[in-house]
2 protein chains.
Amino acid sequence: MSLPHAILTALLEKPSSGLELTRRFDRSIGYFWSATHQQIYRELRKLEGEGLIRALPSEQPARGQKKAYEVLAAGREELARWTAASQDPKPQRDALLLRLRAAAVVGTEGLEDDLRRHRELHARQLETYREIERRDFPPGRGGAEDRLRHLVLRAGIDLETFWTQWLDHALAEFAELDVRGRE
Amino acid sequence: MSLPHAILTALLEKPSSGLELTRRFDRSIGYFWSATHQQIYRELRKLEGEGLIRALPSEQPARGQKKAYEVLAAGREELARWTAASQDPKPQRDALLLRLRAAAVVGTEGLEDDLRRHRELHARQLETYREIERRDFPPGRGGAEDRLRHLVLRAGIDLETFWTQWLDHALAEFAELDVRGRE
DNA sequence: CCACCCATGTAAGTGGTTACATGATTAG
DNA sequence: CTAATCATGTAACCACTTACATGGGTGG
């Protein structure tokens, strides 16, 4: 039950239409809560029905016409309530770790290439995050909002750093297993 | 599409009944691919229907009677195929990071307690992983299977280490924001 | 006027969660 | 005999994914 709250956050940062939201999810919020345009449109209608957001009155609401939304007071309250509410962490699900465990039983044949590919994907994401950090969070520190957003970005940077390092470690292990295997 | 493969892996490690699998998911495989007993029973029947596993012939198949399964050759092949197949990483979804970003807009009121709670949960999980490491992977290194399984465990240890450290960092930041706020 | 992109939407299917049901076995 | 627990199962629901549809505007 987090997508509506992701959308409320994005709309509070800046009122937007569905497609604008979709793009911002691709670049920013989506780094830790991804969503497709189908999900976003559905949820926007639901939030409007619940009275948490409203369409900006400006224009004609025809199909194919841009429709921007803003958050109402009830929406801001709901977001504050959700943010403060105690929530248990979701159980983990990571397919790559599962595949490695499977490989311990059925063999590592073919896995190494994909590990290498994942390493590159994580390295690229890490570089993206670092660019955002250079651009948006220069050394002289800003206000409370900036510091919180920087904290979130640091989590992304540290997570991608972890994955690239761990995958390097895994690939080194694979190389050694190969050598032993050929002996 | 990973739950069937998680089950195949677990059954190859040791043929088991549904409930035994459920318990093992709670302790081990579930650390990176969680599943409830309902999911597991449903999937076991599906895998049996597809001819990837079979019920061990021993006993009467009545309701309330234990029924153990083992993996057939076709199941092992399917697992090997899946393990080697290239797969894209799933888009991230982390509610805690989302809440922090929301807090940058609606305020941090009430969040700190839950951050502290999460920190303790991650610290506890880290301790659990470390105990497993001491018990199952003593310094003198074992064969290829053990090294792969150890690699997976290391990912768990490093991830929980990251989270505890990041949450410490976040809590320190909160403490500082509080001081500034009161000035 | 045609191809392409913008913007919003529908529909079907999958995987996971939550709540509940039921028979068998065991401890007190 | 009863309550608790073991073991398996059903059903409803919800979030997300994937594939497709449709109207409006714009450039060649």
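Residue numbers begin at 1 in each chain, while the letters A, B, ... track the order of the sequences.
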Counting heavy atoms from C-beta on, name the nucleotide in [options] closest to the side chain of [X].
X       : options                : value
A/Gln38 : D/dA7, D/dA15, D/dA19  : D/dA19
A/Arg93 : C/dA7, C/dG16, D/dC16  : C/dG16
B/Thr36 : D/dT18, C/dT18, D/dC16 : C/dT18
B/His37 : D/dC16, C/dG16, C/dC20 : C/dC20

I need the [atom1]-[atom2] distance between [X] and [N], as an integer number of Å.
X       : N      : atom1 : atom2 : answer
B/Leu19 : C/dA24 : CG    : P     : 17 Å
A/Gln39 : D/dC16 : CD    : P     : 5 Å
A/Met1  : D/dC14 : CE    : P     : 11 Å
A/Glu43 : D/dT17 : CD    : C1'   : 15 Å
B/Phe25 : C/dG16 : CZ    : P     : 10 Å
B/Ile40 : C/dG16 : CD1   : C1'   : 12 Å
A/Lys46 : D/dC13 : NZ    : C1'   : 12 Å
A/Leu21 : C/dT8  : CG    : C1'   : 13 Å

When you check the phosphate oxygens OP1 and OP2 of [N], does a side-chain N or O of [X] lie under 4.0 Å from one of them?
X       : N      : value
B/Ser17 : D/dT8  : yes
A/Tyr41 : C/dG9  : no
B/Arg45 : D/dT10 : yes
B/Lys67 : D/dG9  : yes

B/Asp114 with B/Arg99: basic N within carboxylate O range, under 4.0 Å: yes
Is the shortest distance from a Lys or Arg side-chain nitrogen in B/Glu78 or B/Arg81 to a carboxylate oxygen in the other one below 4.0 Å? yes
Position toward the 5' end of DNA chain D (nearest nucleotide), B/Tyr69 or B/Lys90: B/Tyr69
With DNA chain D as reference, determine whether B/Pro91 or B/Arg42 sits nearer its 5' end, using the nearest nucleotide of each.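 On the 5' side of the pair lies B/Arg42.
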Kindly assign one of parallel, tilted or perpendicular to the pair A/Phe137 and A/His150, based on the angle between their ring planes and the thresholds 30° and 60°.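 Answer is parallel, since the angle falls under 30°.
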Tell me if the CD atom of A/Glu109 is crowded by more than 12 foreign heavy atoms within 6.0 Å. no
Kindly determine whether A/Ser28 and B/Arg101 satisfy side chain to side chain donor-acceptor pair (under 3.5 Å), including the steps that lead there. CA-CA 11 Å; A/Ser28 165; B/Arg101 173 123 175 195; 2.9 Å; yes
